[in-house]
Novice: 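Here it is: the structure, laid out below.
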Amino acid sequence: MRRTNYFLNTIRETPSDADNISTRLMIKSGMIRKLASGIYEWLPLGFRSLKKVEMIVRQELDKIGGIEVWLPVIQPKELWLKTGRWNVYGKELLRIKDRKEQEYCFAPTAEEVITDLVRKEITSYRQLPILLYQFGLKFRDEIRPRFGVMRSREFYMKDAYSFHISEEDCLKWYQKLYDCYSSIFKRCGLNFKPVEAATGAIGGNYSHEFMVLADTGEADIAFCSCGYAANVEKAEIKQSENLTDPSLFEELRDVETPDLYTVEDVSKFLSVPPDRFIKTMFYVGDDNKVILALIRGDHQFNENKIMKVLNLSLLEKLTEDEYSKIIGGKVGFAGPISIKDIAQKNGKKIDVIIADFHLKGVLNGVSGANKDDKHTININYPRDYSVDIWADIKTASEGDMCPKCGEKLRFAKGIEVGQIFKLGTKYSSKLECYYLDENQQKKTMEMGCYGIGISRTVAAAIEQHNDEKGIIWPLAISPFHIYMITIETDDNEVMKKSQYLYDKLINLGIEVLWDDRDERPGVKFNDADLVGFPYRIVVSQKTLLNGEVEVKKRNEKLPFRIPIEKIDDIVKEIKSIL
RNA sequence: CGGGGCGUGGCUCAGCUGGCUAGAGCGCUCGGUUCGGGACCGAGAGGUCGUCGGUUCAAAUCCGACCGCCCCGACCA
């Protein structure tokens with residue numbers, strides 16, 4: 001493509017609202033423009049990259065037997081009511097009405113539609129397993145969109161769903177998808193890591209996220225040299241705390257802490273470090289069970305872990321109102337001592353007290369006194385309070401030990417570009433997605449679902465591959481392979497040679513953007529660096545003196561020259577990488 | 001949803017204690033000189049100053065409402 005005939009505007013000034021590297025570069029290099037909050041236009045350069053990622057994903061899925069379909073983005077309320085998600089999904093689900101006042105939603109995902117389709121079309125074990133996938137727009141009305149197309153409201157996604165006669169078969173395919181995803185991101189030229197992911201409300205142990213490693217990522221990953229890697233939302237911790245020595249226990253005492261209830265404030269006020277605090281949190285789980293969770297003051301609750309330990313599908317913070325009623329006082333002063341009795345006295349019930357195992361190592365701890373504006377000091381287990389369940393319920397952080405090998409966990413930031421999930425029968429049972437087995441028995445299908453954020457993958461690649469001048473594309477997903485610059489566009493000979501070279505490359509199947517503009521060389525060089533194609537070729541009077549052209553790789557410092565007829569070597573090199 | 005900020009040519013922004021024809025840089029068009037790392041000179045095109053209402057002799061400027069955009073927060077007592 002000749003630049004003079006193409007639609008590409010690079011811009012010098014950075015838009016004021018671009019909040020991360022990839023967004024800045026995508027806007028400056030003319031890949032995307034913002035139309036509204038979390039909604040972007042993809043211009044030719046960006047679109048080419050998007051299509052390349054899409055093609056890689058398609059090829060790899062086809063290899064393992066995936067079959068492509070195309071599903072509606074406007075989906076009827078009815079289906080979402082059946083799975084219960086119309087009410088559960090919240091404001092993220094964009095709801096719309098047609099002229100007849102019928103309600104629909106704009107697809108944030110497609111489990112409902114695909115399961116309904118399979119229910120109607122697939123009825124025999126002979127037709128299973130099947131892996132269906134599609135590419136499509138998704139809309140999730142995020143609270144606060146940010147980071148350009150990495151966390152936009154409208155985005156382009158590949159979603160795949162598999163259906164099976166058994167859990168074993170589903171797991172077999174789960175592994176296939178895992179391997180497939182690894183191939184995909186490898187082909188895209190990304191430095192990534194598959195990590196164990198939290199399964200949240202769906203439960204089960206099988207979900208992995210594929211993380212592109214980048215400091216600007218939103219996700220925190222815990223990993224270990226032994227190979228263990230997990231999202232911190234999920235990461236387990238090796239349990240190691242021993243009980244403290246009772247001979248060191250000091251006398252229990254209440255102290256005044258007027259209007260101070262955060263760990264930070266009380267810690268300062270009493271000059272006791274946060275790691276000697278017992279933080280309390282009330283939750284409500286399934287069947288309105290009241291749960292009191294205890295954790296060390298310097299740690300963070302991990303609700304996923306609590307749900308898993310207690311086998312819950314719901315877990316919410318108790319309302320402040322209920323909290324007050326239970327302890328009969330102000331919010332912020334609850335503590336573990338005799339808390340169940342206090343609740344009972346107030347006509348309430350605490351069903352279970354769950355505590356993080358690190359609390360066993362807290363000597364002479366501090367917590368709320370269950371009295372307004374008072375904290376209790378020198379709290380010790382088991383002398384002063386009881387616990388129903390000890391478990392690992394803290395979010396993994398610096399200093400924690402790997403659950404597999406006991407070494408210290410390390411941490412990194414990542415951008416989640418894909419996730420795979422064993423769903424079980426969550427959707428198939430609610431939507432009555434059954435099949436007949438060889439004994440004429442009606443059975444519920446086992447399902448898996450697998451997503452890749454295509455638009456996010458493009459941004460993640462840039463986030464990971466750039467320098468102060470611009471993007472450094474991995475060849476496989478670069479919009480073009482070569483940025484060709486002609487210096488003296490008013491020199492007929494130079495233009496003729498350039499045209500010759502351009503035609504030759506195009507005929508060999510190489511994608512070339514030819515900068516044939518009447519611009520100063522510096523402008524063209526800077527654009528070449530900014531758009532970041534892997535190869536830059538310069539044709540000029542100087543290079544042609546020896547019948548040569550200049551070649552520079554974007555990821556190398558120095559250019560070199562080759563005879564114009566030797567361009568086939570570059571072509572070969574490109575093809576060998578692709 | 002709470003707090004803060006912003007809305008002025010395509011982009012980045014100045015002007016805003018009311019006052020003359022609304023500015024700069026970048027980009028764009030035309031002419032000329034330049035030409036291997038974002039040149040220079042000259043001439044242009046392009047704005048109902050987010051929208052609606054109010055105050056005033058006079059509003060981009062003050063007031064109000066609304067709309068839009070951005071940032072922080074909205075689990076961890």
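What's counted below: heavy atoms across the whole structure, side chains too, no hydrogens, waters or symmetry copies. Lettering of chains follows the sequences in order, A, B, ..., and the numbering in each one begins at 1.
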Novice: Is the backbone of A/Leu312 close enough, under 3.5 Å, to the side chain of A/Asp286 for a donor and an acceptor to pair up by distance?
Specialist: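 Here the side-chain-to-backbone pair does not exist.
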
Novice: Just one of A/Trp473, A/Phe533, A/Tyr535 clears the ring-ring contact (aromatic ring centres under 6.0 Å, His included) bar with A/Phe480, so which one?
Specialist: A/Phe533

Novice: Could you tell me whether a side-chain N or O of A/Lys371 sits under 3.5 Å from a main-chain N or O of A/Ala334, the two making a donor and an acceptor?
Specialist: no

Novice: Is B/C28 paired to anything, Watson-Crick or G-U wobble with both distances less than 3.5 Å, and if yes, which nucleotide?
Specialist: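 Pairing partner: B/G44.
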
Novice: Taking only Lys NZ, Arg NE, NH1 and NH2, and the carboxylate oxygens of Asp or Glu, determine whether A/Lys268 and A/Glu264 approach each other closer than 4.0 Å.
Specialist: yes

Novice: Less than 4.0 angstrom between a side-chain N/O of A/Arg144 and OP1 or OP2 of B/C71, yes or no?
Specialist: yes

Novice: Are OP1 or OP2 of B/C76 and a side-chain N or O of A/Thr262 less than 4.0 angstrom apart?
Specialist: no

Novice: When rounded to the nearest Å, what value does the distance between C1' atoms of B/G15 and B/U55 take?
Specialist: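 Straight-line distance between the two C1' atoms is 22 Å.
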
Novice: What about A/Glu13, does its side chain sit under 3.5 Å from the base of B/G25 through a donor-acceptor pair?
Specialist: yes

Novice: Examine B/U34: is either OP1 or OP2 under 4.0 Å from a nitrogen or oxygen in the side chain of A/Arg520? Give yes or no.
Specialist: no

Novice: In Watson-Crick or G-U wobble terms, both distances under 3.5 Å, what is the partner of B/A14?
Specialist: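 The base-pairing partner of B/A14, which may sit in any strand shown, does not exist here.
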
Novice: Name the one of A/Val255, A/Asn364, A/Leu252 that satisfies side chain to side chain contact (heavy atoms under 4.5 Å, CB included) with A/Ile377?
Specialist: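 For A/Ile377, the side chain to side chain contact (heavy atoms under 4.5 Å, CB included) check succeeds only for A/Val255.
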
Novice: Is B/A39 paired to anything, Watson-Crick or G-U wobble with both distances less than 3.5 Å, and if yes, which nucleotide?
Specialist: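 Result: B/U33.
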
Novice: Using a cut-off of 4.0 Å on non-hydrogen atoms, how would the nucleic acid contact of A/Thr280 be classed: base, sugar-phosphate, or nothing?
Specialist: base

Novice: For a quick check of understanding: with a heavy-atom distance under 4.0 Å over all strands, which category does A/Arg296 fall into, base, sugar-phosphate or nothing?
Specialist: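 Nothing, no heavy atom under 4.0 Å.
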
Novice: Are OP1 or OP2 of B/C1 and a side-chain N or O of A/Lys91 less than 4.0 angstrom apart?
Specialist: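 Checking B/C1 against A/Lys91, no side-chain N or O comes under 4.0 Å of OP1 or OP2.
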
Novice: Measure from NZ on A/Lys524 to P on B/U34 and round the result to the nearest Å.
Specialist: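 One finds 18 Å between P of B/U34 and NZ of A/Lys524, rounded.
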
Novice: Choosing from B/G36, B/A77, B/G38, which nucleotide comes nearest the side chain of A/Tyr323?
Specialist: B/A77

Novice: My understanding is that a pair needs two contacts under 3.5 Å, Watson-Crick or G-U wobble. By that rule, which nucleotide pairs with B/C1?
Specialist: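 B/G73 is the nucleotide pairing with B/C1.
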
Novice: In whole angstrom, give me the gap between the P atoms of B/G4 and B/A39.
Specialist: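 One P to the other, the span is 45 Å.
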
Novice: Answer with base, sugar-phosphate or nothing: what part of the nucleic acid does A/Lys34 contact at a heavy-atom distance below 4.0 Å?
Specialist: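 Sugar-phosphate: the residue A/Lys34, judged by heavy atoms under 4.0 Å, touches backbone atoms but no base.
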
Novice: With a 3.5 Å limit on both atom pairs, tell me what B/A65 is paired to, counting Watson-Crick and G-U wobble, or say none.
Specialist: B/U51

Novice: Provide the Watson-Crick or G-U wobble partner of B/G9, both distances under 3.5 Å; none if there is no partner.
Specialist: none

Novice: Base, sugar-phosphate alone, or nothing: which one does A/Asp527 contact when heavy atoms must sit under 4.0 Å apart?
Specialist: base

Novice: Describe the nucleic acid contact of A/Thr486 in one word from base, sugar-phosphate, nothing, applying a heavy-atom distance below 4.0 Å.
Specialist: nothing

Novice: Classify A/Ile143 by what it touches in the nucleic acid, base, sugar-phosphate, or nothing, heavy-atom distance under 4.0 Å.
Specialist: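 A/Ile143: base contact, heavy atoms under 4.0 Å.
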
Novice: Given that A/Pro145 and A/Glu303 both sit by RNA chain B, which one's nearest nucleotide is further toward the 5' end?
Specialist: A/Pro145

Novice: Base, sugar-phosphate, or nothing: which does A/Glu488 touch, judged by heavy atoms less than 4.0 Å apart?
Specialist: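 No contact.
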
